[in-house]
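Per chain, numbering begins at 1; letters A, B, ... match sequence-line order. A quick note: this is a predicted structure, and the numbers were derived from the prediction, not measured.
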2 protein chains.
Amino acid sequence: MAEPYELDRDDRLYFDDFHVGQRFTSATHVIDAAQIKAFARRFDPQPFHLDEEAPKGTLFGGLVASGWHTAAITMRLQVESGLPIADGIVGIGGEMSWPRPTRPGDILRVVSDVEEVTPSRSRPDRGVIRVRSETRNQRNEVVQILNAKLFVPRRISAAAG
Amino acid sequence: MAEPYELDRDDRLYFDDFHVGQRFTSATHVIDAAQIKAFARRFDPQPFHLDEEAPKGTLFGGLVASGWHTAAITMRLQVESGLPIADGIVGIGGEMSWPRPTRPGDILRVVSDVEEVTPSRSRPDRGVIRVRSETRNQRNEVVQILNAKLFVPRRISAAAG
């Protein structure tokens, strides 16, 4: 992957800049077998993530990436090019699913839709946005859906600080 | 981390072996600043995951692990010592949250409770279990909750196969 780049502060978005219906699309990342196996050795050492031969005749039919690897690549794409949130992407939690596996050679990108924008009642300096992010491959098939709640600072807090 | 170990096949659990109320507790993993920064450089390059000094005075007050790093360590603990599912741990999806951050020096373990056991209507060779897994630190504080749906093969399919 390329080194992360820093957006100018002026390009980053505050809570006040988000609205329901906004869409953000990330750059792409090409995943290969070496990346899949390296992640699996460290975090998900199961045969279908480690070995091209092992999964033949199983549910997967070939080497597939750990779902957590797909999630981690999704985060990298969001941080670098997907969601330019002021002060960074800080998730509270969310729902996720992996409708189909990520395979070697897949070209992943993330398409994010802002679905809710909620000011904090207790903290005037921030709000929460709910973003549905689909991680899609080169055939536009969805390999991960993440419906996440994210903390976002309000512009007033930056001005005051 | 230690190398993964393989359970004897006889020690692994099939769908028929699971019931609501079962609890599984994993081994532990100690996370340090070097691991936190290495994961962040690759997958979540934000200042509060990369630098001890940057997060002072922010929401976090110090270096914290990416939530996806906590999720990945949780998976490793589950694969090696947490959930001995026959044919491996294959998730369909779930809900997750990070009630508090993971910090350098934290000793993580995963406590998993089986909350639902559902045979597949269309596929007699498998079922789905819903497992709530809390990742806890050395003070028994919860740093991640993952409520996941997992595919589990039925024992009959192993006998037939």
Is it possible for you to say whether [X] and [Y] belong to one hydrophobic cluster, with membership spreading through side-chain heavy-atom contacts below 4.5 Å?
| X | Y | value |
| --- | --- | --- |
| B:Ile92 | B:Val90 | yes |
| A:Val20 | A:Ile85 | yes |
| B:Ile36 | B:Val30 | no |

Run the numbers on A:Gln35 and A:His29 for side-chain hydrogen bond (donor to acceptor under 3.5 Å, both in side chains), then give the verdict. CA-CA 11 Å; A:Gln35 293 168 41; A:His29 174 75; 2.8 Å; yes
Is there side-chain contact between [X] and [Y], with at least one heavy-atom pair below 4.5 Å?
| X | Y | value |
| --- | --- | --- |
| B:Asn137 | B:Thr102 | no |
| B:Phe24 | B:Leu13 | yes |
| B:Ile31 | B:Ile73 | yes |

Measure the acute angle between the ring planes of B:His69 and A:Phe43, then classify it against the limits of 30° and 60° as parallel, tilted or perpendicular. perpendicular
Verify salt bridge (Lys or Arg N to Asp or Glu O under 4.0 Å) between A:Asp44 and B:Arg76, making sure each step is shown before the conclusion. CA-CA 5 Å; A:Asp44 193 349; B:Arg76 174 78 182 237; over 6 Å; no
Working note: B:Asp16 + B:Arg154, criterion salt bridge (Lys or Arg N to Asp or Glu O under 4.0 Å); need CA distance, chi angles, decisive distance, verdict. CA-CA 6 Å; B:Asp16 316 77; B:Arg154 299 200 73 144; 3.3 Å; yes
With chain B as the partner, which of A:Met96, A:Gln78, A:Glu95 has the greatest number of non-hydrogen pairs under 4.5 Å? A:Met96
Which of residues 109-122 of chain B have a heavy atom under 4.5 Å from any heavy atom of chain A? none
Applying a criterion of heavy atom separation less than 4.5 Å, what residues of residues 140-151 of chain B form contacts with chain A? B:Leu146, B:Phe151
